[in-house]
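Before anything else, here's the structure in question.
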Amino acid sequence: MNKLPAPLLAKISWRLLPFLLLMYIMAFLDRANVGFAKVAFQADTGISDAAFAFGAGVFFVGYALLEVPSNLIMHRIGARIWMCRIMVTWGLVSAAMMFAHNEITFYVLRFLLGVAEAGFFPGVILYLTYWFPAAHRAQAMGFFYFGAPLAFIFGSPLSGLLLELDGMGGWHGWQWLFAVEGLMAVAVGIWAYFYLTNRPADATWLTDDERRQVQEIIASEERAKGGNPHSLLAALCQPRVLYLALIYLLIQASVYGVVFYLPSQVAGLLGTKVGLQVGLVSAIPWLCALLAAWWVPGFAQRSQKPRTVASVTLLVAAIGMAASVSFSSPLLGVAALCFAAAGFIAVQPVFWTFPVNTLAGAAAAGGIALINSLGAVGGFVAPIVKNWAEGHFHSPASGLYLLAGTTVLAALLVLGIRARTAPAA
């Protein structure tokens, strides 16, 4: 595989990855902070568990509907304008969640938040293919995936602290949480317009020779994908794209089956309410996820066995999810959550190397968005399925047992990627 010279790779990485990471931290924080607000929000508004589960998941309906057109727009007009638009609108909608005093408003704002954020994640994945050759993508995506654990490492204590502002200025703590974290995203979105560079050809911070090197390597890899369909319709109809989308759906179900409920689960283990203490303890699993997101993608790339590594990583996540509700001990429960978070976060940058290394042009923009879009269905279904299982089996553990089972299924399907998807995955 073609590789960039180490100094050039470092220059591009330090210029782009920290800022993309900051953007993802804001995205994940605004997407998942409803989990921190859950108990106080429901207590103040009277929204039921079933209504909360539906509202938490309906985000992904709006998100899924507009993923493909949003990514095609970014592919056409560039990341500077489109990423700015995405972040500013989602930040404003997230801040407006402070006015969600009833079920209908909650549903509408969560749906609109998904509409506003649609295209952000697949847009960044596509954007990385413009700058990083295949040999470097797993590590670059692994660094980008630091955003999810970092959002919780720093966001968990921040969210817990904001909840403790309850009554200040006449606002509830959950209102402070949504307002502050939403406006933070708006500020980063405005910054993105002035900071991002659309393509290597536009990078004034690279020398002429550096721009040429990047463009030649990326172009040669795009030409090597010539056996794959470059049209949007052909890409979306490929069985391998749909197969990858199914796997990603199952992965996302495990992610959000834990994310939306982790603060309340930790609070239950500690026997206390959600606040700063729970926020600090909830950050521990994400520290483990951060380490895993750094190590696992690099190991998968060095071992040249990404399917095996991804499958084992998912099995670790499944075991952690099931074990987290099998122990009454706070220490063992949090330790199990560490394995769960590390597994389902670290597997994702490895997973994304499968489609990005085999799709090009409009097929890449549409195919990546479709996979992420259908994957978002997992985020919609997970809270609803979890809530149903807990009610049906009259057990608070049954929801995560069920989602652990679907994570095992994802691990098995990953092993079939070789035959059904990319020949060089």
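The chain is numbered in sequence order, starting from 1. What's counted below: heavy atoms across the whole structure, side chains too, no hydrogens, waters or symmetry copies.
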Taking every non-hydrogen atom, the tightest pair across Pro285 and Ser282:
CD-O, 3.2 Å
Hey, is Lys386 close enough to Asp49 for a salt bridge, meaning N to O under 4.0 Å?
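No, no charged N to carboxylate O under 4.0 Å.
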Interatomic spacing from CG in Leu112 to OG1 in Thr89 - rounded to 0.5 Å
10.0 Å
Spacing of Ile217 atom CD1 and Phe132 atom CZ [to the nearest 0.5 Å]
12.5 Å
With Phe144 via ring pair (Phe, Tyr, Trp, His ring centres under 6.0 Å) - residues at least two apart
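Checked Phe144 against ring pair (Phe, Tyr, Trp, His ring centres under 6.0 Å); matches are Tyr24, Phe121.
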According to the interplanar angle, ranging from 0 to 90°, do the rings of Trp388 and His392 count as parallel (below 30°), tilted (30 to 60°) or perpendicular (above 60°)?
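Aromatic pair Trp388/His392 classed parallel.
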Taking atom OH of Tyr193 as the centre, does the number of heavy atoms from other residues, nucleotides or ligands within less than 6.0 Å exceed 12?
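Counting other residues, nucleotides and ligands, OH of Tyr193 stays at 12 neighbours or fewer.
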Minimum heavy-atom separation for Val214 and Pro200, please, with both atom names.
CG1-CG, 3.7 Å
Can you check whether Leu250's main-chain N or O pairs, donor with acceptor, with Thr406's side chain at less than 3.5 Å?
no
Nearest-0.5 Å distance, CD1 of residue Ile81 to CD1 of residue Ile86:
12.0 Å
Would Glu210 and Ile12 count as a side-chain contact (heavy atoms from CB on, under 4.5 Å) if you check the C-alpha gap in whole Å, the side-chain angles of each, and the deciding distance to 0.1 Å?
CA-CA 10 Å; Glu210 288 170 336; Ile12 294 172; over 6 Å; no
Do NZ/NE/NH1/NH2 and the carboxylate oxygens of Asp209 and Arg212 come within less than 4.0 Å?
yes
To the nearest 0.5 Å, atom OG1 of Thr105 lies from atom CE of Met97 at 10.0 Å
Should we count CZ of Phe19 as having more than 12 external heavy atoms under 6.0 Å?
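Yes, enclosed.
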Aromatic ring centroids of Phe120 and Trp90 under 6.0 Å?
yes
4.5 Å side-chain heavy-atom contact, Arg110 and Phe54:
no
Could you label the plane-to-plane angle of the Tyr63 and Phe59 rings as parallel, tilted or perpendicular, counting under 30° as parallel and over 60° as perpendicular?
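It falls in the parallel class, under 30°.
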Tell me, with the steps shown, if Val124 and Met83 meet side-chain contact (heavy atoms from CB on, under 4.5 Å).
CA-CA 9 Å; Val124 172; Met83 287 297 174; 3.8 Å; yes
Using a 4.5 Å cut-off on heavy atoms from C-beta on, say whether the side chain of Val296 contacts that of Val347.
no
Can you find a pair of side-chain heavy atoms, one from Phe354 and one from Ile247, that are under 4.5 Å apart?
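Phe354 vs Ile247: side chains apart.
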So do the side chains of Tyr243 and Ile371 get within less than 4.5 Å of each other, counting heavy atoms only?
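Not touching, per the 4.5 Å side-chain cut-off.
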Verdict with reasoning, Leu17 to Phe146, per side-chain contact (heavy atoms from CB on, under 4.5 Å):
CA-CA 10 Å; Leu17 293 179; Phe146 284 7; over 6 Å; no
Stepwise, does the ring-ring contact (aromatic ring centres under 6.0 Å, His included) test hold for Phe393 with Tyr401?
CA-CA 11 Å; Phe393 295 104; Tyr401 286 150; 10.0 Å; no
Phe60: which residues meet the ring pair (Phe, Tyr, Trp, His ring centres under 6.0 Å) condition with it, sequence neighbours left out?
Tyr256
Less than 4.5 Å apart, any side-chain heavy atom of Cys338 and any of Ile284?
yes
Quick check: closest heavy atoms across Ile47 and Phe52, and the distance to 0.1 Å?
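Residues Ile47 and Phe52, closest heavy atoms: CG2-N, 3.7 Å.
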To the nearest 0.5 Å, how far apart are CG in Leu242 and CG in Leu374?
7.0 Å
Applying the side-chain contact (heavy atoms from CB on, under 4.5 Å) test to Asp202, which of Thr204, Leu206, Asn198 qualifies?
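Going through the options one by one, the only one that passes is Asn198.
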Can you tell me if Arg211 uses its side chain to pair, donor with acceptor, with the backbone of Ala203 under 3.5 Å?
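Yes.
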Would you say the side chain of Trp131 lies within less than 4.5 Å of the side chain of Leu4, judging by non-hydrogen atoms?
no
Please enumerate all residues that pass ring pair (Phe, Tyr, Trp, His ring centres under 6.0 Å) together with Tyr130, with sequence neighbours excluded.
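Tyr130 satisfies ring pair (Phe, Tyr, Trp, His ring centres under 6.0 Å) with no residue once adjacent residues are dropped.
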Would you say the side chain of Leu290 lies within less than 4.5 Å of the side chain of Ile345, judging by non-hydrogen atoms?
no
Applying side-chain contact (heavy atoms from CB on, under 4.5 Å) to Tyr127 and Leu20, what does each step give before you reach the verdict?
CA-CA 10 Å; Tyr127 185 66; Leu20 294 174; 4.0 Å; yes
What's the separation between atom CG in Leu113 and atom OG in Ser94, rounded to the nearest 0.5 Å?
5.5 Å
Is the backbone of Ala135 close enough, under 3.5 Å, to the side chain of Gln301 for a donor and an acceptor to pair up by distance?
yes
Leu196 and Ala79: which non-hydrogen atoms are nearest, and at how many Å?
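So the two residues come closest at CD1-O, 4.1 Å.
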Can you check whether Leu65 reaches Val115 side chain to side chain, under 4.5 Å on heavy atoms?
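Heavy-atom side-chain distance check fails, nothing below 4.5 Å.
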Without swapping roles, check the side chain of Glu67 against the backbone of Gly119 for a donor-acceptor pair under 3.5 Å.
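Pair found, side chain donor or acceptor close to backbone of Gly119.
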Kindly give the heavy-atom pair with the smallest separation between Val350 and Ala310, and that separation in Å.
CG1-CB, 4.1 Å
Trp205 backbone acceptor or donor facing Lys11 side chain under 3.5 Å
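Checked: pair present.
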If you count heavy atoms of other groups shown closer than 6.0 angstrom to CZ of Phe339, is the number above 12?
no
Can a donor-acceptor pair be found, under 3.5 Å and without considering hydrogens, that links the side chain of Trp82 to the backbone of Ser70?
yes
Exam field: side chain Ser311 to backbone Arg307, donor-acceptor pair closer than 3.5 Å:
no
What is the minimum heavy-atom distance between Pro297 and Pro349, and which atoms define it?
CG-CG, 3.5 Å
